[in-house]
Number of protein chains: 2
Amino acid sequence: MLEGMARAVPETHGEILAAAARRFAVTGYKGTSLQDIARAVGCSKATVLYHFANKEALLCELMAPAIAVLEALDARLAGTTGAAAQEIAGEGFVDLAVRFRREIALLRDEFPDLLQQPAFAHIQQISERLIAAFAGHSGRPSAQIAAFVVLAGIAETCAEFIDVPDDELRPALLAVVRRALEPVT
Amino acid sequence: MLEGMARAVPETHGEILAAAARRFAVTGYKGTSLQDIARAVGCSKATVLYHFANKEALLCELMAPAIAVLEALDARLAGTTGAAAQEIAGEGFVDLAVRFRREIALLRDEFPDLLQQPAFAHIQQISERLIAAFAGHSGRPSAQIAAFVVLAGIAETCAEFIDVPDDELRPALLAVVRRALEPVT
DNA sequence: AGCATGCCTGACCGATCGGTCAGCACCTGA
DNA sequence: TCAGGTGCTGACCGATCGGTCAGGCATGCT
(Lines give C-alpha, C1' and ligand atoms only; values in the text may rest on other atoms or scores of the structure.)
Protein backbone atom coordinates (compact mmCIF):
# COMPACT_ATOMS: atom_id res chain seq x y z
CA MET A 1 0.00 0.00 0.00
CA LEU A 2 2.22 2.78 -1.19
CA GLU A 3 0.43 6.04 -0.56
CA GLY A 4 0.90 9.05 -2.74
CA MET A 5 2.45 7.05 -5.52
CA ALA A 6 1.59 8.34 -8.96
CA ARG A 7 -0.37 5.76 -10.86
CA ALA A 8 1.36 4.43 -13.92
CA VAL A 9 -1.02 4.01 -16.83
CA PRO A 10 -4.45 2.87 -15.68
CA GLU A 11 -6.91 4.75 -17.85
CA THR A 12 -9.60 2.08 -17.82
CA HIS A 13 -11.36 3.39 -14.75
CA GLY A 14 -12.11 6.70 -16.40
CA GLU A 15 -13.03 5.06 -19.68
CA ILE A 16 -15.58 2.87 -17.96
CA LEU A 17 -17.03 5.89 -16.18
CA ALA A 18 -17.34 7.84 -19.43
CA ALA A 19 -18.85 4.94 -21.33
CA ALA A 20 -21.31 4.28 -18.51
CA ALA A 21 -22.40 7.93 -18.57
CA ARG A 22 -23.03 7.69 -22.28
CA ARG A 23 -24.98 4.46 -22.08
CA PHE A 24 -26.98 5.44 -18.99
CA ALA A 25 -28.05 8.67 -20.70
CA VAL A 26 -29.49 6.70 -23.58
CA THR A 27 -31.00 3.60 -22.01
CA GLY A 28 -31.33 4.62 -18.36
CA TYR A 29 -29.77 3.01 -15.31
CA LYS A 30 -31.84 -0.14 -15.06
CA GLY A 31 -31.97 -0.37 -18.82
CA THR A 32 -28.20 -0.56 -19.12
CA SER A 33 -26.44 -3.79 -18.18
CA LEU A 34 -22.85 -4.11 -17.08
CA GLN A 35 -22.40 -6.14 -20.25
CA ASP A 36 -23.49 -3.12 -22.32
CA ILE A 37 -20.97 -0.89 -20.59
CA ALA A 38 -18.18 -3.43 -20.96
CA ARG A 39 -18.94 -3.78 -24.66
CA ALA A 40 -18.84 0.00 -25.12
CA VAL A 41 -15.45 0.17 -23.41
CA GLY A 42 -14.10 -2.88 -25.13
CA CYS A 43 -13.35 -4.87 -22.01
CA SER A 44 -15.04 -7.67 -20.11
CA LYS A 45 -17.85 -7.30 -17.63
CA ALA A 46 -15.51 -8.63 -14.97
CA THR A 47 -13.21 -5.68 -15.60
CA VAL A 48 -16.03 -3.26 -14.93
CA LEU A 49 -16.62 -4.99 -11.63
CA TYR A 50 -12.90 -4.96 -10.91
CA HIS A 51 -12.88 -1.15 -11.05
CA PHE A 52 -16.24 -0.63 -9.34
CA ALA A 53 -17.54 -2.63 -6.40
CA ASN A 54 -20.96 -2.96 -8.04
CA LYS A 55 -23.35 -1.25 -10.41
CA GLU A 56 -24.60 1.19 -7.79
CA ALA A 57 -21.05 2.30 -6.95
CA LEU A 58 -20.63 3.20 -10.60
CA LEU A 59 -23.75 5.33 -10.47
CA CYS A 60 -22.65 7.00 -7.24
CA GLU A 61 -19.32 8.06 -8.68
CA LEU A 62 -21.11 9.34 -11.76
CA MET A 63 -23.55 11.40 -9.75
CA ALA A 64 -21.15 12.73 -7.15
CA PRO A 65 -20.46 16.12 -8.77
CA ALA A 66 -24.14 16.82 -9.35
CA ILE A 67 -25.02 15.84 -5.81
CA ALA A 68 -22.30 18.10 -4.44
CA VAL A 69 -23.78 21.07 -6.28
CA LEU A 70 -27.26 20.13 -5.10
CA GLU A 71 -26.06 20.04 -1.50
CA ALA A 72 -24.39 23.44 -1.94
CA LEU A 73 -27.70 24.86 -3.19
CA ASP A 74 -29.48 23.31 -0.23
CA ALA A 75 -27.03 25.02 2.11
CA ARG A 76 -27.58 28.40 0.45
CA LEU A 77 -31.32 27.93 0.92
CA ALA A 78 -31.09 27.64 4.70
CA GLY A 79 -32.65 30.62 6.44
CA THR A 80 -34.21 32.13 3.33
CA THR A 81 -37.92 32.85 3.10
CA GLY A 82 -40.58 34.19 0.76
CA ALA A 83 -39.68 35.67 -2.58
CA ALA A 84 -35.96 35.55 -1.84
CA ALA A 85 -36.14 31.78 -1.32
CA GLN A 86 -38.05 31.41 -4.57
CA GLU A 87 -35.47 33.40 -6.50
CA ILE A 88 -32.46 31.59 -5.07
CA ALA A 89 -34.07 28.20 -5.57
CA GLY A 90 -35.09 29.09 -9.09
CA GLU A 91 -31.74 30.39 -10.25
CA GLY A 92 -29.82 27.69 -8.44
CA PHE A 93 -31.89 24.78 -9.62
CA VAL A 94 -32.10 25.94 -13.21
CA ASP A 95 -28.34 26.33 -13.30
CA LEU A 96 -27.82 22.91 -11.74
CA ALA A 97 -30.30 21.22 -14.03
CA VAL A 98 -28.80 22.72 -17.15
CA ARG A 99 -25.25 21.87 -16.15
CA PHE A 100 -26.03 18.31 -15.16
CA ARG A 101 -28.54 17.52 -17.87
CA ARG A 102 -26.92 14.19 -18.65
CA GLU A 103 -27.01 13.04 -15.05
CA ILE A 104 -30.66 13.99 -14.79
CA ALA A 105 -31.44 12.17 -18.01
CA LEU A 106 -29.93 8.96 -16.73
CA LEU A 107 -31.72 9.26 -13.42
CA ARG A 108 -35.13 10.16 -14.64
CA ASP A 109 -36.37 6.71 -15.46
CA GLU A 110 -35.58 5.33 -12.06
CA PHE A 111 -35.68 8.37 -9.82
CA PRO A 112 -38.28 6.99 -7.39
CA ASP A 113 -36.45 3.68 -7.07
CA LEU A 114 -33.05 5.26 -6.69
CA LEU A 115 -34.22 7.53 -3.88
CA GLN A 116 -35.11 4.49 -1.83
CA GLN A 117 -31.56 3.26 -1.80
CA PRO A 118 -29.53 4.32 1.24
CA ALA A 119 -26.82 5.95 -0.86
CA PHE A 120 -29.29 8.55 -2.12
CA ALA A 121 -31.63 8.75 0.84
CA HIS A 122 -30.87 12.34 1.77
CA ILE A 123 -31.67 13.59 -1.73
CA GLN A 124 -35.31 13.11 -0.90
CA GLN A 125 -35.09 15.56 2.00
CA ILE A 126 -33.14 18.08 -0.03
CA SER A 127 -35.74 18.05 -2.78
CA GLU A 128 -38.48 18.55 -0.21
CA ARG A 129 -36.70 21.65 1.08
CA LEU A 130 -36.24 22.78 -2.51
CA ILE A 131 -39.96 22.50 -3.15
CA ALA A 132 -40.70 24.41 0.03
CA ALA A 133 -38.38 27.16 -1.19
CA PHE A 134 -40.08 27.19 -4.60
CA ALA A 135 -43.37 27.63 -2.75
CA GLY A 136 -41.85 30.56 -0.87
CA HIS A 137 -42.43 28.56 2.31
CA SER A 138 -46.12 29.24 1.89
CA GLY A 139 -48.33 26.55 3.36
CA ARG A 140 -50.91 26.90 0.59
CA PRO A 141 -51.46 23.64 -1.30
CA SER A 142 -51.67 25.53 -4.59
CA ALA A 143 -48.19 26.94 -3.98
CA GLN A 144 -46.84 23.46 -3.27
CA ILE A 145 -48.42 22.17 -6.44
CA ALA A 146 -46.97 25.00 -8.50
CA ALA A 147 -43.58 24.34 -6.93
CA PHE A 148 -43.72 20.69 -7.87
CA VAL A 149 -44.76 21.44 -11.43
CA VAL A 150 -41.78 23.75 -11.77
CA LEU A 151 -39.27 21.36 -10.21
CA ALA A 152 -40.37 18.32 -12.17
CA GLY A 153 -40.89 20.29 -15.36
CA ILE A 154 -37.40 21.76 -15.30
CA ALA A 155 -35.76 18.42 -14.64
CA GLU A 156 -37.69 16.66 -17.36
CA THR A 157 -37.13 19.45 -19.85
CA CYS A 158 -33.39 19.53 -19.29
CA ALA A 159 -33.23 15.81 -19.84
CA GLU A 160 -35.24 16.14 -23.02
CA PHE A 161 -33.57 19.17 -24.62
CA ILE A 162 -30.14 17.66 -24.24
CA ASP A 163 -28.77 19.18 -27.44
CA VAL A 164 -29.94 22.75 -26.92
CA PRO A 165 -27.00 24.97 -25.91
CA ASP A 166 -26.86 26.09 -22.28
CA ASP A 167 -27.12 29.75 -23.13
CA GLU A 168 -30.44 29.21 -24.82
CA LEU A 169 -31.93 26.78 -22.33
CA ARG A 170 -31.04 28.58 -19.12
CA PRO A 171 -32.78 31.93 -19.69
CA ALA A 172 -35.86 30.27 -21.15
CA LEU A 173 -36.19 28.06 -18.09
CA LEU A 174 -35.61 30.95 -15.72
CA ALA A 175 -38.37 32.90 -17.43
CA VAL A 176 -40.79 30.00 -17.02
CA VAL A 177 -39.92 29.60 -13.37
CA ARG A 178 -40.49 33.27 -12.58
CA ARG A 179 -43.84 33.22 -14.33
CA ALA A 180 -45.05 29.91 -13.00
CA LEU A 181 -44.38 30.13 -9.28
CA GLU A 182 -47.21 31.41 -7.15
CA PRO A 183 -46.37 34.91 -5.87
CA VAL A 184 -45.98 35.01 -2.10
CA THR A 185 -48.09 37.53 -0.25
CA MET B 1 -59.84 -20.35 -4.36
CA LEU B 2 -62.54 -17.72 -4.55
CA GLU B 3 -64.99 -16.98 -1.76
CA GLY B 4 -67.73 -19.51 -1.12
CA MET B 5 -69.84 -17.84 -3.79
CA ALA B 6 -70.08 -19.97 -6.86
CA ARG B 7 -68.75 -17.94 -9.76
CA ALA B 8 -71.36 -18.07 -12.46
CA VAL B 9 -69.40 -15.58 -14.50
CA PRO B 10 -65.73 -15.69 -13.59
CA GLU B 11 -64.42 -12.15 -13.49
CA THR B 12 -60.80 -13.04 -13.16
CA HIS B 13 -60.01 -10.93 -16.18
CA GLY B 14 -61.19 -7.79 -14.45
CA GLU B 15 -59.55 -8.74 -11.18
CA ILE B 16 -56.20 -9.15 -12.89
CA LEU B 17 -56.64 -5.80 -14.59
CA ALA B 18 -57.44 -4.08 -11.31
CA ALA B 19 -54.58 -5.72 -9.46
CA ALA B 20 -52.17 -4.86 -12.25
CA ALA B 21 -53.26 -1.22 -12.11
CA ARG B 22 -52.59 -1.14 -8.38
CA ARG B 23 -49.19 -2.81 -8.64
CA PHE B 24 -48.06 -0.82 -11.67
CA ALA B 25 -48.92 2.41 -9.90
CA VAL B 26 -46.61 1.49 -7.04
CA THR B 27 -43.67 -0.24 -8.67
CA GLY B 28 -44.01 0.87 -12.30
CA TYR B 29 -44.42 -1.27 -15.40
CA LYS B 30 -40.96 -2.78 -15.69
CA GLY B 31 -40.69 -2.97 -11.93
CA THR B 32 -43.76 -5.18 -11.65
CA SER B 33 -43.45 -8.82 -12.67
CA LEU B 34 -46.30 -11.04 -13.82
CA GLN B 35 -45.57 -13.04 -10.71
CA ASP B 36 -46.29 -9.98 -8.57
CA ILE B 37 -49.63 -9.43 -10.28
CA ALA B 38 -50.58 -13.10 -9.98
CA ARG B 39 -49.75 -13.05 -6.27
CA ALA B 40 -51.90 -9.94 -5.76
CA VAL B 41 -54.84 -11.59 -7.50
CA GLY B 42 -54.32 -14.95 -5.85
CA CYS B 43 -53.85 -16.93 -9.02
CA SER B 44 -50.93 -18.35 -10.93
CA LYS B 45 -48.76 -16.46 -13.37
CA ALA B 46 -50.01 -18.79 -16.09
CA THR B 47 -53.55 -17.59 -15.43
CA VAL B 48 -52.50 -13.99 -16.01
CA LEU B 49 -51.05 -15.07 -19.36
CA TYR B 50 -54.19 -17.02 -20.13
CA HIS B 51 -56.30 -13.85 -19.91
CA PHE B 52 -53.75 -11.57 -21.58
CA ALA B 53 -51.57 -12.46 -24.53
CA ASN B 54 -48.52 -10.91 -22.87
CA LYS B 55 -47.46 -8.23 -20.45
CA GLU B 56 -47.77 -5.44 -23.00
CA ALA B 57 -51.34 -6.43 -23.86
CA LEU B 58 -52.15 -5.99 -20.18
CA LEU B 59 -50.72 -2.50 -20.24
CA CYS B 60 -52.57 -1.63 -23.44
CA GLU B 61 -55.95 -2.61 -22.02
CA LEU B 62 -55.14 -0.62 -18.89
CA MET B 63 -54.23 2.49 -20.82
CA ALA B 64 -57.01 2.33 -23.42
CA PRO B 65 -59.44 4.76 -21.72
CA ALA B 66 -56.73 7.34 -21.10
CA ILE B 67 -55.50 7.08 -24.65
CA ALA B 68 -59.02 7.51 -25.99
CA VAL B 69 -59.39 10.77 -24.07
CA LEU B 70 -55.97 11.91 -25.25
CA GLU B 71 -56.95 11.26 -28.85
CA ALA B 72 -60.19 13.19 -28.35
CA LEU B 73 -58.20 16.16 -27.05
CA ASP B 74 -55.88 15.89 -30.02
CA ALA B 75 -58.87 16.05 -32.35
CA ARG B 76 -60.24 19.15 -30.61
CA LEU B 77 -56.85 20.79 -31.06
CA ALA B 78 -56.92 20.50 -34.83
CA GLY B 79 -57.24 23.89 -36.48
CA THR B 80 -56.73 25.94 -33.35
CA THR B 81 -53.99 28.54 -33.06
CA GLY B 82 -52.49 31.06 -30.69
CA ALA B 83 -54.02 31.77 -27.31
CA ALA B 84 -57.07 29.64 -28.08
CA ALA B 85 -54.89 26.60 -28.67
CA GLN B 86 -53.06 27.26 -25.43
CA GLU B 87 -56.29 27.48 -23.48
CA ILE B 88 -57.85 24.37 -24.98
CA ALA B 89 -54.66 22.36 -24.54
CA GLY B 90 -54.26 23.61 -20.97
CA GLU B 91 -57.78 22.85 -19.82
CA GLY B 92 -57.93 19.60 -21.74
CA PHE B 93 -54.61 18.22 -20.59
CA VAL B 94 -55.05 19.24 -16.96
CA ASP B 95 -58.41 17.52 -16.91
CA LEU B 96 -56.99 14.41 -18.56
CA ALA B 97 -53.98 14.29 -16.27
CA VAL B 98 -56.05 14.67 -13.13
CA ARG B 99 -58.57 12.03 -14.17
CA PHE B 100 -55.98 9.50 -15.24
CA ARG B 101 -53.42 10.14 -12.54
CA ARG B 102 -52.98 6.46 -11.85
CA GLU B 103 -52.28 5.63 -15.46
CA ILE B 104 -49.72 8.41 -15.66
CA ALA B 105 -48.08 7.23 -12.47
CA LEU B 106 -47.57 3.76 -13.84
CA LEU B 107 -46.25 5.06 -17.12
CA ARG B 108 -43.88 7.65 -15.85
CA ASP B 109 -40.93 5.47 -15.09
CA GLU B 110 -40.86 3.94 -18.52
CA PHE B 111 -42.43 6.58 -20.72
CA PRO B 112 -39.51 6.89 -23.15
CA ASP B 113 -39.22 3.13 -23.55
CA LEU B 114 -42.93 2.59 -23.95
CA LEU B 115 -43.22 5.19 -26.68
CA GLN B 116 -40.80 3.19 -28.79
CA GLN B 117 -43.12 0.21 -28.87
CA PRO B 118 -45.41 0.05 -31.89
CA ALA B 119 -48.56 -0.12 -29.80
CA PHE B 120 -47.91 3.39 -28.47
CA ALA B 121 -46.09 4.89 -31.40
CA HIS B 122 -48.70 7.51 -32.26
CA ILE B 123 -48.70 8.88 -28.71
CA GLN B 124 -45.39 10.48 -29.54
CA GLN B 125 -46.93 12.49 -32.38
CA ILE B 126 -49.94 13.49 -30.32
CA SER B 127 -47.73 14.81 -27.55
CA GLU B 128 -45.71 16.78 -30.07
CA ARG B 129 -48.90 18.44 -31.31
CA LEU B 130 -49.89 19.06 -27.70
CA ILE B 131 -46.62 20.83 -27.03
CA ALA B 132 -47.05 22.92 -30.17
CA ALA B 133 -50.48 23.94 -28.92
CA PHE B 134 -49.06 24.81 -25.49
CA ALA B 135 -46.56 27.00 -27.31
CA GLY B 136 -49.42 28.71 -29.12
CA HIS B 137 -47.86 27.39 -32.33
CA SER B 138 -45.13 29.94 -31.88
CA GLY B 139 -41.84 28.88 -33.38
CA ARG B 140 -39.83 30.53 -30.62
CA PRO B 141 -37.60 28.05 -28.77
CA SER B 142 -38.44 29.68 -25.45
CA ALA B 143 -42.12 29.00 -26.06
CA GLN B 144 -41.36 25.36 -26.86
CA ILE B 145 -39.33 25.06 -23.70
CA ALA B 146 -42.07 26.61 -21.58
CA ALA B 147 -44.55 24.25 -23.19
CA PHE B 148 -42.45 21.24 -22.34
CA VAL B 149 -41.97 22.35 -18.75
CA VAL B 150 -45.72 22.67 -18.38
CA LEU B 151 -46.54 19.35 -20.01
CA ALA B 152 -43.97 17.34 -18.11
CA GLY B 153 -44.57 19.21 -14.87
CA ILE B 154 -48.29 18.56 -14.91
CA ALA B 155 -47.88 14.89 -15.67
CA GLU B 156 -45.29 14.39 -12.96
CA THR B 157 -47.25 16.39 -10.42
CA CYS B 158 -50.45 14.42 -11.02
CA ALA B 159 -48.57 11.21 -10.55
CA GLU B 160 -47.04 12.49 -7.33
CA PHE B 161 -50.06 14.12 -5.69
CA ILE B 162 -52.13 11.00 -6.13
CA ASP B 163 -54.10 11.46 -2.91
CA VAL B 164 -55.05 15.11 -3.35
CA PRO B 165 -58.73 15.40 -4.33
CA ASP B 166 -59.48 16.32 -7.93
CA ASP B 167 -61.24 19.54 -7.01
CA GLU B 168 -58.15 20.84 -5.31
CA LEU B 169 -55.59 19.65 -7.84
CA ARG B 170 -57.32 20.75 -11.01
CA PRO B 171 -57.69 24.50 -10.35
CA ALA B 172 -54.19 24.74 -8.92
CA LEU B 173 -52.72 23.13 -12.04
CA LEU B 174 -54.80 25.31 -14.33
CA ALA B 175 -53.52 28.38 -12.55
CA VAL B 176 -49.92 27.27 -13.00
CA VAL B 177 -50.46 26.54 -16.67
CA ARG B 178 -51.95 29.95 -17.38
CA ARG B 179 -49.11 31.69 -15.58
CA ALA B 180 -46.31 29.58 -16.98
CA LEU B 181 -47.03 29.49 -20.69
CA GLU B 182 -45.35 32.15 -22.78
CA PRO B 183 -47.96 34.69 -23.96
CA VAL B 184 -48.37 34.58 -27.69
CA THR B 185 -47.98 37.90 -29.43
C1' DA C 1 -73.53 -41.50 -20.94
C1' DG C 2 -69.88 -39.12 -23.65
C1' DC C 3 -67.78 -35.19 -25.35
C1' DA C 4 -66.33 -30.49 -25.93
C1' DT C 5 -65.17 -26.27 -24.07
C1' DG C 6 -63.61 -22.70 -20.72
C1' DC C 7 -60.71 -21.81 -16.93
C1' DC C 8 -56.79 -22.68 -14.55
C1' DT C 9 -52.35 -24.78 -13.08
C1' DG C 10 -47.35 -26.62 -12.11
C1' DA C 11 -43.49 -27.58 -14.46
C1' DC C 12 -40.55 -26.00 -17.45
C1' DC C 13 -37.75 -23.05 -20.99
C1' DG C 14 -34.21 -19.83 -22.75
C1' DA C 15 -32.46 -15.46 -21.87
C1' DT C 16 -30.46 -12.09 -19.08
C1' DC C 17 -29.35 -9.98 -14.96
C1' DG C 18 -25.64 -8.56 -11.16
C1' DG C 19 -21.97 -10.57 -9.09
C1' DT C 20 -17.97 -14.13 -7.76
C1' DC C 21 -13.73 -16.48 -8.42
C1' DA C 22 -9.48 -18.80 -9.76
C1' DG C 23 -6.04 -17.85 -12.47
C1' DC C 24 -3.20 -15.67 -16.38
C1' DA C 25 0.10 -12.05 -18.24
C1' DC C 26 2.78 -8.38 -17.09
C1' DC C 27 5.62 -5.27 -14.52
C1' DT C 28 8.55 -4.03 -10.66
C1' DG C 29 11.79 -4.04 -6.81
C1' DA C 30 14.83 -6.78 -4.04
C1' DT D 1 16.01 -14.66 -10.46
C1' DC D 2 11.87 -14.68 -8.44
C1' DA D 3 8.09 -13.13 -5.27
C1' DG D 4 4.33 -10.24 -5.31
C1' DG D 5 1.16 -6.73 -6.80
C1' DT D 6 -1.83 -4.92 -10.69
C1' DG D 7 -4.96 -5.28 -14.40
C1' DC D 8 -7.74 -8.17 -16.53
C1' DT D 9 -10.39 -12.29 -18.07
C1' DG D 10 -13.54 -16.54 -19.06
C1' DA D 11 -16.21 -19.54 -16.76
C1' DC D 12 -19.53 -19.84 -13.74
C1' DC D 13 -23.44 -18.95 -10.15
C1' DG D 14 -28.17 -18.18 -8.35
C1' DA D 15 -32.03 -15.46 -9.17
C1' DT D 16 -35.58 -13.65 -11.91
C1' DC D 17 -37.64 -12.40 -15.99
C1' DG D 18 -41.56 -13.13 -19.80
C1' DG D 19 -43.52 -16.79 -21.92
C1' DT D 20 -44.94 -21.93 -23.32
C1' DC D 21 -47.20 -26.24 -22.77
C1' DA D 22 -49.63 -30.45 -21.60
C1' DG D 23 -52.91 -31.62 -18.77
C1' DG D 24 -56.57 -31.40 -14.79
C1' DC D 25 -61.08 -30.08 -13.31
C1' DA D 26 -65.38 -28.36 -13.77
C1' DT D 27 -69.49 -27.31 -16.46
C1' DG D 28 -72.93 -27.63 -20.10
C1' DC D 29 -74.54 -29.51 -24.54
C1' DT D 30 -76.04 -33.57 -27.24
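Since the model is a prediction, treat every value here as computed from it, not as a measurement. All chains are named by letter (A, B, ...) in the order of the sequence lines, taking the proteins before the strands, and each is independently numbered beginning at 1.
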Using five pairs at either end of the helix from C:dA1-D:dT30 to C:dA30-D:dT1, determine the angle between the two local helix axes and round it to 10 degrees.
-> 30°

For B:F120, the ring-ring contact (aromatic ring centres under 6.0 Å, His included) test, sequence neighbours excluded, returns none

Using a cut-off of less than 4.0 Å, is there contact between a side-chain N or O of B:H51 and OP1 or OP2 of C:dC8?
-> yes

Please check the phosphate of C:dC8 (OP1 and OP2 only) for any side-chain N or O of B:T12 closer than 4.0 Å.
-> yes

Cluster check A:L151, A:V184: I/L/V/M/F/W/Y, side chain < 4.5 angstrom | no

Can you tell me how far CD of A:E11 sits from CD1 of A:I16, rounded to the nearest 0.5 angstrom?
-> 11.0 Å

Check: residues 90-99 of chain A side-chain donor-acceptor pairs under 3.5 Å, at least two apart:
| unit_1 | atom_1 | unit_2 | atom_2 | d |
| --- | --- | --- | --- | --- |
| A:E91 | OE2 | A:R178 | NH2 | 3.3 |
| A:D95 | OD1 | A:R170 | NH1 | 2.7 |
| A:D95 | OD2 | A:R99 | NH1 | 3.3 |

Would you check if A:L17 and A:L62 make a side-chain contact, meaning some heavy-atom pair closer than 4.5 Å?
-> yes

OP1 or OP2 of D:dC8 sitting under 4.0 Å from any side-chain N/O of A:T47?
-> no

Quick one: A:L58 CG to C:dG19 C1', roughly how many Å, whole number?
-> 14 Å

If only atom types and distance count, is the side chain of B:E103 paired as donor or acceptor with the main-chain N or O of B:A64 below 3.5 Å?
-> no

Side chain to side chain donor-acceptor pair (under 3.5 Å): pairs with one or both residues in residues 57-71 of chain B, sequence neighbours excluded | B:H13-B:E61, B:E71-B:H122

Set of residues satisfying ring-ring contact (aromatic ring centres under 6.0 Å, His included) with respect to A:F161, sequence neighbours excluded | B:F148

Protein-nucleotide distance (B:E11, atom CD; C:dG6, atom C1'), rounded to Å = 16 Å

How does protein reach along nucleotides 11-18 of chain D, written 5' to 3' as B (base within reach of a heavy atom under 4.0 Å), S (only sugar-phosphate), or - (no contact)?
-> ------SB

Send over the distance from B:Y50 OH to D:dG23 C1', rounded to a whole Å.
-> 14 Å

